[in-house]
Amino acid sequence: VLLDGSTYKMWFRAGGWGDGEIGYAESADGVNWTLHPNNPVLIPGAPTQWGEPVVRFVGGSDGAVIDGFTITGGSGELAGGIESEGTAVIIRRCLIEDNLAGGFPDHSAGGGIALFGPVTIEDSRIVNNQVSQGAGGIRVHSGGSLVMTKSLVAGNSGDEGLNVNGSVTLMHVTIAHNGIAKGRPGINFNPEPGLSQVIANSILYGNGDSIHVTQDTNLEVRYSIVQGGWEGGTNIAADPWFVNPAGGNFELRPWSPAIDVVAADGALDHDLNGDPPPHPRNALDDIGAFEYQGVPTAGPIVFLPVATRP
C-alpha cells in the first residue's frame, strides 16, 4: 500500500493461488477501496522455455544423500527445487522454499519436489513453493515412493500440497495452510492399484479439503488430525492450534489437542526443531512435526455477553 498525495494505492495478489495475478485498488481513506475496472493489471505469461530445478538426481545416483542445504530459486518444467529421476535418494535437514515449476499441460509438476523413484525425506521443510499446474509441495509420480518423517509442507501454492501416484508413508508430518486451487485437497491420492498409503501421527489442516482419494487405494490414516474428519477411532478433526500459521510458525500452542496423544506410533527421539520429546511429562508423543516443550494447559477461557432483561 502506497500513500500518493491524498490517495492510497494498493497492489495485491488476485485470483487463485496458483495464478500469480496482481490486482490494483485505490482509496481515499485507506478503509474503503475501489477496484480497478481492468483487474488483474498483471498476468504472468507462460514461459516458452523453463529453467532447471536446483538439484537433479539422475540415473545411477542411487544412495545419494543431500543433507543440510537450502534449495531455493529453481524454475523447472517438472520440478522447481529437486527432481529425482527414478533413483533412491535421501533428503535430510533441508529447507526447500521459493521454487517454481510449470507442469504444462498435464498438471505433472512439483513446485518443491518431483520424484520418480524411492525418496526418503527427513527433518525438512518444504515451504512457499509454487506450481502452475500440479502439486505446490511434492509430486510423487508412478514408479516413485515417498517416506517422509518429521517434516513440514506449508505455504505452497498449486493444485494441491502433495499429489501421490506412487506409495507414500507420512509419519509426524504437518501439511498445513497450503494455498491450493479451489476444490483441491491438501493431499491427492491417485496411485496405481494395490500400493500402500499410510498417514500416521500427522496434521492436515488449513488446506481447503484435506484428502482426496480418486480411485481404489489402500489408505490408512491413524493418530492424525484431519480437518473435516477421517474414519478411524484414533483420528480427530479439531483445530490443532498452531502458534502463528500466518507467520509460518506451525508449532503447537499449550492447549493444542495434538499434545500427548500418540502412544502406539511414538518412539520419537527428536522433532523438526531437533528438540527431544519431553517424555518426563509422560510417555506420549505429539501429533505433527513439532513436539510441544512446555506444560500443556486447558484452552483459553471465553467470556460471553450476558443478556439483560428489558
Side-chain angles (χ1 to χ4, degrees), residues 12-21 71-72 80-81 94-101 109-113 121 123-132 134-139 146 148-164 168 170-189 199 201-212 221 224-230 235-259 271-273 286-292 299:
F12 59 92
R13 190 166 187 167
W17 277 100
D19 298 337
E21 300 173 349
I71 310 296
T72 188
C94 287
L95 172 61
I96 302 165
E97 68 172 346
D98 296 329
N99 299 285
L100 172 66
I113 303 170
I121 300 175
D123 303 296
S124 295
R125 290 169 166 85
I126 299 94
V127 297
N128 302 327
N129 301 285
Q130 183 177 347
V131 69
S132 297
I138 305 173
R139 177 65 188 268
L146 172 64
M148 183 160 58
T149 60
K150 294 167 294 192
S151 295
L152 173 67
V153 181
N156 304 287
S157 58
D159 291 334
E160 50 260 333
L162 196 157
N163 189 303
V164 179
V168 166
L170 307 179
M171 181 79 72
H172 286 288
V173 172
T174 296
I175 300 177
H177 290 262
N178 293 284
I180 56 181
K182 184 177 180 180
R184 303 298 294 178
I187 304 179
N188 187 30
F189 287 102
I199 302 174
N201 311 352
S202 297
I203 298 175
L204 286 81
Y205 205 85
N207 303 294
D209 294 337
S210 293
I211 301 173
H212 280 186
V221 183
S224 294
I225 291 180
V226 181
Q227 186 174 10
W230 198 261
N235 301 314
I236 57 178
D239 189 331
W241 286 103
F242 298 125
V243 170
N244 182 15
N249 187 339
F250 294 92
E251 297 177 25
L252 303 175
R253 292 180 181 268
W255 55 84
S256 170
I259 297 173
D271 68 358
L272 181 52
N273 286 334
D286 300 344
I287 297 175
F290 300 97
E291 284 281 319
Y292 179 70

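Quick caveat, the model's predicted, so the values are computed rather than measured.
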Output, in order, the C-alpha distance, side-chain angles, deciding distance and verdict of side-chain contact (heavy atoms from CB on, under 4.5 Å) for Val127 and Leu95.
CA-CA 8 Å; Val127 297; Leu95 172 61; 3.9 Å; yes

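Atom OG of Ser224 and atom CD1 of Ile211 lie 8.0 Å apart (nearest 0.5 Å). Of the inter-residue distances, the one linking Leu162 atom CG with Arg139 atom CZ reads 10.0 Å to the nearest 0.5 angstrom. Distance CG/Leu170 to CD1/Ile175: 5.0 Å, rounded to 0.5 Å. Rounding to the nearest 0.5 Å gives a distance of 7.5 Å between CG of Asn244 and CZ of Arg253. The CD1 atom of Ile199 lies 11.5 Å from the CE atom of Met171; values are rounded to the nearest 0.5 Å.
Across all non-hydrogen atoms, the minimal contact from Leu252 to Ile287 is CD1-O, 4.1 Å. Between Ala101 and Ala109, the shortest heavy-atom contact is CB-CB, 3.8 Å.
In this structure, the side chain to side chain donor-acceptor pair (under 3.5 Å) partners of Glu251, at least two apart in sequence or on a different chain, are Asn273. With sequence neighbours excluded, the residues satisfying side-chain contact (heavy atoms from CB on, under 4.5 Å) with Asp98 are Thr72, Asn128. A search for ring-ring contact (aromatic ring centres under 6.0 Å, His included) contacts involving Phe290 returns nothing, not counting sequence neighbours.
Counting only heavy atoms from C-beta outward, the side chains of Val226 and Val221 approach each other to under 4.5 Å. Here the side chains of Asp271 and Asp286 are not in contact, with every heavy-atom distance at 4.5 Å or above.
Between His177 and Tyr205, the angle of the ring planes lies from 30° to 60°, which puts this pair in the tilted group.
At least one donor-acceptor pair under 3.5 Å links the side chain of Ser151 to the backbone N or O of Thr149.
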